[in-house]
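Below you'll find the structure, written out as structure tokens, and then a few comments.
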Amino acid sequence: MIKHINTRAACETLDANDPLAPLRAQFALPPGVVYLDGNSLGARPKAALQRAQKVIEEEWGNDLIRSWNKAGWFDLPARLGNKLAPLIGAGDNEVVITDSTSINLFKMLAAALQMQASQPDSATRKVIVTERDNFPTDIYMAQGLAEWLDRGYRIRLVDSPQELSSAVNAETAVLMLTHVNYRSGHLHDMQAVTAAAQAHGALVLWDLAHSAGALPIDLHAANADFAVGCTYKYMNGGPGAPAFAWIAPRHHAQFRQPLSGWWGHRAPFTMQPDFAPTDGIRRALCGTQPIVSLAMVESGLDIFAQTDMQALRTKSLALTDLFIALVESRCAGQQLTLVTPRDHAQRGSHVSFAHAHGYGIMRALIARGVIGDYREPQVMRFGFTPLYTRFIDVWDAVESLRQILVDTDYEISAQQEAVT
Ligand SMILES: Cc1ncc(COP(=O)(O)O)c(C=O)c1O
Ligand SMILES: Nc1c(O)cccc1C(=O)C[C@H](N)C(=O)O
């Protein structure tokens, strides 16, 4: 049906019939902007401003240190983790919101390697498998940990999802994958990949940065071992908002991570000189949390509580289908190559097109108020956030893209900024 949409008026009708359309009013989006970068930094929930005011003025300003108890600051990582849990198929007391995704990757990987080190085959199980095309921080964190441990761990980088089945074997300690690829938008079959790796004795760590809040996830049904992800993308927690970490309950008792700060201690205010890990998911914590930033995450999560991930997925696929169809019909012959899988089962919530002058074209789009981003090599990335993206936004974005391409209205050798 989406394939036959070829007027802006038809997109207006899609918006008029969209059951999720009213949710957009809960976001503060600047006028005249088509925002297609919620996969990198989500838009601001209007409620975040009042929340920030309350945290800063009342909780910090007025109640001062009493707020650790009175405003529940100390429990915030776990309380918000419980709110996030249903979005990823996790249960109560299984998720904390804390630190950054990079740091949580380090903690989960370190704990997984330690669990594997206690197995009888530990001498030969020394490989961390991931994708060469994974988001670089994931690979860098694994490299840093392996180097620092200096116990013979190696990183094996696979070049395609198809290669995974031959790359994972009895030497694999951990398979660490990003569920939806940051560049291509390719979506892994979490359940099948997890089962195949576990059949070889590997533990499986999922980075949900580009899928949490974008599509339904069921960590329990997939029998995953560990998961991490960002809250500042589809969850709209704000720039640099703390990330989340999930540990399968069956691993809680064995879980040990090396950043053994006092927030992970059994009784931090007894001030004992020896570290004794607390029970459960709070073991993933390290030290004092950035409370103002952490508190912002709740405003984003509260919007998800008004809908469900299946409804969001249905709209997300309609938006990405429409974008692909319109770009291919209206920008035909303009040397654009679709990088994202067409198959719904393999597609997240962003769409990427490659063009030799991708960076210059993206700059021109941003100058016209259509905000996406650019990833090397040559990839223009457009994120579709079903909570606030409209079908007319898709139309308007493609129309701007078409005009820029037809008029060659972009700088061929645009100077790259620090953040692309
Ligand atoms: C897959 C993936 N993991 C991790 C990150 C970021 O990690 P951090 O928040 O630690 O910078 C990103 C994006 O920045 C990402 O796309
Ligand atoms: N975390 C980011 C940042 O600190 C600056 C600019 C962009 C980001 C992003 O989140 C990028 C994103 N993970 C990506 O997929 O490229």
Side-chain angles (χ1 to χ4, degrees), residues 35-44 84 88 96-110 128 130-145 157 161 175-188 190 204-215 217 224 226-246 259 284 286 289-290 293-294 296-297 300 339-340 347-352 354 358-359 362-363 366 371-385 416-420:
Y35 193 58
L36 301 181
D37 215 357
N39 53 318
S40 194
L41 175 64
R44 174 171 76 78
L84 187 152
I88 56 173
V96 278
I97 303 191
T98 185
D99 298 330
S100 66
T101 302
S102 303
I103 290 173
N104 289 337
L105 282 164
F106 180 86
K107 292 185 278 192
M108 298 297 131
L109 261 183
I128 299 169
T130 192
E131 290 177 287
R132 194 180 305 279
D133 204 20
N134 199 346
F135 189 75
T137 207
D138 298 52
I139 305 174
Y140 300 161
M141 294 311 289
Q143 287 169 342
L145 177 64
L157 300 177
L175 171 62
M176 173 186 71
L177 290 176
T178 294
H179 192 199
V180 170
N181 184 273
Y182 79 102
R183 187 193 288 116
S184 68
H186 174 275
L187 165 69
H188 281 290
M190 182 185 279
V204 185
L205 164 57
W206 287 99
D207 181 338
L208 307 178
H210 290 272
S211 49
L215 48 98
I217 297 171
F226 307 98
V228 298
C230 305
T231 63
Y232 54 69
K233 299 177 187 289
Y234 290 97
M235 294 193 194
N236 311 301
F244 64 87
W246 173 82
L259 303 182
C286 177
Q289 301 303 304
S293 187
L294 179 57
M296 295 305 98
V297 176
V339 175
T340 303
R347 189 195 309 162
S349 199
H350 65 268
V351 175
S352 299
Y359 185 70
M362 183 51 74
R363 296 305 309 161
I366 293 171
I371 304 181
D373 61 23
Y374 172 79
R375 290 293 172 264
E376 290 290 349
Q378 304 189 343
V379 173
M380 292 184 284
R381 211 171 54 151
F382 302 89
F384 298 88
T385 311
Q416 287 202 13
E417 294 194 278
V419 173
T420 63

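Read the numbers this way: they start at 1 and go in the same order the structure lists the ligands and their atoms.
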Separation of [Y] [atom2] from [X] [atom1] (nearest 0.5 Å):
| X | Y | atom1 | atom2 | value |
| --- | --- | --- | --- | --- |
| D138 | Y182 | CG | OH | 10.0 Å |
| L205 | T178 | CG | OG1 | 8.5 Å |
| R132 | I139 | CZ | CD1 | 8.0 Å |

Residues in side-chain contact (heavy atoms from CB on, under 4.5 Å) contact with T137, at least two apart in sequence or another chain: S102, L105, F135, M141
S40: side-chain contact (heavy atoms from CB on, under 4.5 Å) partners, not counting sequence neighbours: D37, D373, R375, R381
Give yes or no for whether the N/O distance cutoff of 3.5 Å, strictly under, is met between [X] and ligand 1.
| X | result |
| --- | --- |
| Y182 | no |
| Y232 | yes |
| T178 | no |
| D138 | yes |

Could you identify the single nearest non-hydrogen protein atom to [atom] and state the distance to 0.1 Å?
| atom | value |
| --- | --- |
| atom 10 (O) of ligand 1 | S102 OG, 2.6 Å |
| atom 13 (C) of ligand 1 | K233 NZ, 3.2 Å |
| atom 16 (O) of ligand 1 | H210 NE2, 2.7 Å |

M108 to A284 - nearest heavy-atom pair and separation: CE-CB, 4.0 Å
Closest non-hydrogen atom pair, M296 against G237: CB-O, 3.4 Å
Full working for side-chain hydrogen bond (donor to acceptor under 3.5 Å, both in side chains) between H188 and E131: CA-CA 12 Å; H188 281 290; E131 290 177 287; 2.9 Å; yes
Within-4.5 Å side-chain heavy-atom neighbours: L36 and F384: yes
Numbered atoms and elements of ligand 1 in range of S100, under 4.0 angstrom, heavy atoms: 10 (O)
Atoms in ligand 1 with a heavy atom of D207 nearer than 4.0 Å: 1 (C), 2 (C), 3 (N), 4 (C)
Per-residue contact class, A209 against ligand 1 - non-hydrogen pairs under 4.0 Å: side chain
Side chain to side chain donor-acceptor pair (under 3.5 Å) involving S352 - partner list, sequence neighbours excluded: none
Donor-acceptor contact present, side-chain D207 to main-chain M176, <3.5 Å: no
Report every pair formed by an N or O atom of ligand 2 and a protein N or O atom separated by less than 3.5 Å, giving atom names and the distance to 0.1 Å.
unit_1   : atom_1 : unit_2 : atom_2 : d
ligand 2 : 1 (N)  : Y232   : OH     : 2.9
ligand 2 : 10 (O) : K233   : NZ     : 2.8
ligand 2 : 13 (N) : K233   : NZ     : 2.5
ligand 2 : 15 (O) : H210   : NE2    : 2.9
ligand 2 : 15 (O) : R381   : NH1    : 2.7
ligand 2 : 15 (O) : R381   : NH2    : 3.4
ligand 2 : 16 (O) : R375   : NE     : 2.7
ligand 2 : 16 (O) : R375   : NH2    : 2.9
ligand 2 : 16 (O) : R381   : NH1    : 3.4
ligand 2 : 16 (O) : R381   : NH2    : 3.1

